[in-house]
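Take a look at the structure below.
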Amino acid sequence: MSWGTELWDQYDTIATHTQKGIDFCERFTHFLKDRCSIELKYASELKKLVKSYQPKKKEEEEYQQYSWAARFWDVLKELHDLAGQHEVIAENTQGQVMKDVQSLISEMKQQRRKDLQDGAKVQDQLKESLAKLDKSRKNYEKAFKMAEKATDDYRKADADINLSRAEVEKTRNQMMIKNSQCDESKNEYAAQLQQTNQHQRDHYTQQMPSVFQQMQSMEENRINKIKSMVKQIADIERSVIPIINTCIDGMVKASDGISAEEDSKAVIDKYKSGFPIPADIPFEDLSNSSVIDTSNANGTPKNSLDNRKGTVSDKKKNRKDKKGGGGLFGIFTSSKSARIRIIGLLGEESKEDFSDLPPNQQRKALNRKIDEFKKEIARETAEREGMLKMKDVYVNNPALGDPNALEKKIEENAQKIDSLQAEMRKYQGYLANMDAKPSPVGQRRNSLSDDSISQSSTNMEMSQTSLPGQPPVAANEPEVYTDEWPEPPSDEEFEEEGTVEIRKKPDKKAIDDEEDHVGEFEHAEGDFDEEGFPVIGTCRALYIYEAGNEGSVAMTEGEEMFVLEQDQGDGWTRVRKHDNSEGFVPTSYIQCHFYDQDEV
């Protein structure tokens, strides 16, 4: 179907219709703009919601302790990612569809203006031809009337006997002239009529259909572009659906990770004090002059028994009231010892050995501190090994750098490692001293219980690590503490004496015995690896590697090995082969699997 043949007489209608198409494209642009605004606003509100409910910096540690809090945090992260997908929809719509629509509108306006100009030009030509035809026809009519009048005048003159022959001849000549002019006008009119008819045929069969065809092509192109853009919008939204589904699956997975049993266990691990349940309160016979004092006989903090005795003695009660006591569980007491105990439980201003915490919490704090030192020592050791490797490269190829420039850094690194190891041994001593304390109520400590963690493996594992290029250093034994566990001072004793020393200085004989014991242990364990690196995973060789440097090991493609140390950023990983040979291999040559990934 062609507009040129079917709508040959609807030029003005077609011009109006094409203008409506351009108006629709502009309206479609406004629609896309509002849609993008809604998507961006929705994404912004979602991100604002996530920001309002995500944990603060000080709450992050607590959120990681409980599954319900950690999984809710995961849901917030997934929701944040989901909001980002709505931003992607808006950005792609603005960058692709809206840009194409604006380009289409500009092209259509230019094409329509050109087509309308061509159509107006063709119509003006037809109107001009019709005007010429009308003019020639009027000239012919005028000449015809004048010729008829001249003929009538000649006939009248020829019939009038009063006129002379000269006058009749003059009238006859006038008639001949007018008839001649009439014939010329007639011929001009006929020629113009033929020319106008031909022009009219060309106008309605060729010229205007060509203009209409251009406008029809423009309109069809607009419709096809709108069709493509609508589909493009759907494709943009469809492209983010898999990611949105992944976010939703992440939320479902987060909900599956919530465990009431694990959270209950976490509460126990976090708040368990380690103190035994108080024994029965003994009967106090006031008739006797001496009062049986069984406080702290079973390891219960003395202040709890003092509070009970305060209910019996009005004098003590009044004295404590004057000092500001009597609050809920003695929280509002003004005694210095109570304030220290409360601050210790809140985790503020803790002592170096965490002795102000309950036993179970103290053990956890010491182990956490030791783990921090282990990580720091491992990092510094890896840094030292990297500097030693670089020094070897400089020695083999002096053009790359001066090996003496690294001596100072290596020495500083060794001093830092020694300092860290000394600090770690100090905390290991605190932990060993804590495990060496007698169990409450005179019971013998079970070496297999949870509260008696053996330190032999810890001391052996974290003994002073032999650094590359240095002889191995003997592990130092932790400080020896007394087995006596003094009774905590009362409020009055604390204020009078100030501080109670709970650690005795070891005598020389005990130190000599321990040094002998250490020497035997080192001799017995002399076959162990000096580095003492534990196996943290497995790896498989992807390519063949020939060991060309000192400290590296060769491997064949597909060979399975144990991972002892991860890549510290220098591109090398420490491995152990099945023949117990150890060394470094390029990280990019192996595929690793770490055991801690299985625990996640």
Side-chain angles (χ1 to χ4, degrees), residues 1-29 99-151 174-231:
M1 302 295 289
S2 174
W3 287 4
T5 57
E6 302 296 334
L7 303 176
W8 61 271
D9 58 344
Q10 300 295 326
Y11 173 76
D12 294 336
T13 304
I14 292 176
T16 304
H17 178 75
T18 53
Q19 181 61 41
K20 289 181 179 179
I22 295 177
D23 294 340
F24 173 80
C25 290
E26 292 178 346
R27 187 179 180 186
F28 186 64
T29 303
K99 185 177 179 180
D100 294 342
V101 174
Q102 292 173 354
S103 177
L104 175 63
I105 292 174
S106 178
E107 292 177 2
M108 285 189 63
K109 286 183 176 180
Q110 294 179 1
Q111 184 66 30
R112 181 176 179 274
R113 188 182 302 111
K114 179 179 177 298
D115 293 341
L116 292 179
Q117 289 175 354
D118 293 341
K121 183 178 179 180
V122 171
Q123 286 189 334
D124 290 342
Q125 292 176 356
L126 180 60
K127 289 179 181 179
E128 183 180 356
S129 179
L130 291 174
K132 290 180 180 180
L133 178 62
D134 185 62
K135 182 178 179 181
S136 63
R137 185 179 61 80
K138 289 180 180 180
N139 291 335
Y140 172 61
E141 289 179 353
K142 182 179 179 181
F144 179 75
K145 290 179 181 179
M146 293 177 67
E148 283 185 343
K149 185 177 181 299
T151 301
Q174 190 69 24
M175 181 192 68
M176 293 297 294
I177 292 172
K178 294 298 181 183
N179 287 332
S180 176
Q181 291 178 352
C182 180
D183 291 339
E184 290 178 0
S185 298
K186 181 180 179 181
N187 293 333
E188 288 179 2
Y189 170 66
Q192 184 63 40
L193 178 62
Q194 184 178 4
Q195 184 179 358
T196 301
N197 287 334
Q198 182 63 36
H199 196 173
Q200 183 173 280
R201 284 194 297 270
D202 293 342
H203 176 82
Y204 289 112
T205 58
Q206 296 180 7
Q207 296 175 348
M208 286 306 297
S210 176
V211 174
F212 287 158
Q213 185 61 39
Q214 292 178 1
M215 300 181 75
Q216 182 180 358
S217 300
M218 177 190 68
E219 182 68 10
E220 291 177 352
N221 180 58
R222 177 189 69 83
I223 296 172
N224 290 329
K225 287 288 184 68
I226 293 295
K227 174 184 176 181
S228 176
M229 291 171 188
V230 172
K231 184 178 179 181

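Small disclaimer: the values here were computed from a predicted structure and weren't measured. Side chains included, hydrogens not; waters and symmetry mates left out as well; all remaining heavy atoms used.
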- Ignoring hydrogens and geometry, is there a side-chain-to-backbone donor-acceptor pair from Gln111 to Met218 under 3.5 Å? no
- Message: When you compare the side chain of Glu148 with that of Lys178, does any pair of heavy atoms fall below 4.5 Å?
- Response: no
- Would you say Arg113 and Gln110 make side-chain contact, with heavy atoms under 4.5 Å? yes
- Query: So, the side chain of Arg112 versus the backbone of Ala15: is there a donor-acceptor pair under 3.5 Å, distance only?
  - Reply: yes
- Do other residues, nucleotides or ligands put more than 12 heavy atoms under 6.0 Å from Phe144 CZ? no
- Task: Hey, could you give me the CZ/CD distance between Phe212 and Glu219, rounded to the nearest 0.5 Å?
- Result: 14.0 Å
- Message: If you define the side chain from C-beta out and look only at heavy atoms, does anything of Met229 sit under 4.5 Å from Lys225?
- Response: yes
- Task: Return the minimal non-hydrogen interatomic distance between Trp3 and Gln216, and the atom names on each side.
- Result: N-OE1, 3.1 Å
- Message: To check you understand the geometry: which heavy-atom pair defines the closest contact between Met208 and Gly119, and what is its length?
- Response: SD-O, 4.1 Å
- Checking Ile177, Asn179, Asp183 against Gln181 for side chain to side chain contact (heavy atoms under 4.5 Å, CB included), the one that qualifies is Ile177
- Message: Nearest 0.5 angstrom please: Asp118 CG to Met215 CE, how far?
- Response: 10.0 Å
- Message: When you compare the side chain of Ile105 with that of Phe24, does any pair of heavy atoms fall below 4.5 Å?
- Response: no
- Message: I want to check something: taking the side chain as every heavy atom from C-beta on, are Ser180 and Glu184 in contact at a cut-off of under 4.5 Å?
- Response: yes
- Task: Apply salt bridge (Lys or Arg N to Asp or Glu O under 4.0 Å) to the pair Asp23 and Arg27, showing each step before the final yes or no.
- Result: CA-CA 6 Å; Asp23 294 340; Arg27 187 179 180 186; over 6 Å; no
Please report, to 0.1 Å, the donor-acceptor pairs under 3.5 Å made by any side chain of residues 131-142, with sequence neighbours excluded.
from, atom 1, to, atom 2, distance (Å)
Asp134, OD1, Arg137, NH2, 3.0
Asp134, OD2, Lys138, NZ, 3.4
Ser136, OG, Lys132, O, 3.3
Ser136, OG, Leu133, O, 2.8
Arg137, NH1, Glu141, OE2, 2.6
Asn139, ND2, Lys135, O, 3.3

- Looking at CD of Gln10 and OG1 of Thr16, how far apart are the two atoms once the value is rounded to the nearest 0.5 Å? 10.0 Å
- Item | Shortest non-hydrogen contact from Cys25 toward Met108 | SG-SD, 4.2 Å
- Do the non-hydrogen side-chain atoms of Leu104 and Asp100 ever get within less than 4.5 Å of each other? no
- Side chain Ser228, main chain Asn224, donor-acceptor under 3.5 Å: no
- Message: Working to the nearest 0.5 angstrom, can you tell me the gap between Lys121 NZ and Leu116 CG?
- Response: 15.0 Å
- Message: Are Leu7 and Ile14 packed together at the side-chain level, in the sense that at least one heavy-atom pair is separated by less than 4.5 angstrom?
- Response: yes
- Query: With sequence neighbours left out, which residue pairs that include part of residues 188-200 fulfil the side-chain hydrogen bond (donor to acceptor under 3.5 Å, both in side chains) condition?
  - Reply: Ser129-Thr196, Gln192-Thr196, Gln198-Arg201, Gln198-Asp202
- Looking only at non-hydrogen atoms, find the nearest pair between Ile22 and Arg222 and report the distance. N-CD, 4.4 Å
- Query: Got a donor-acceptor contact below 3.5 angstrom from the Ser217 side chain to the Gln213 backbone?
  - Reply: yes
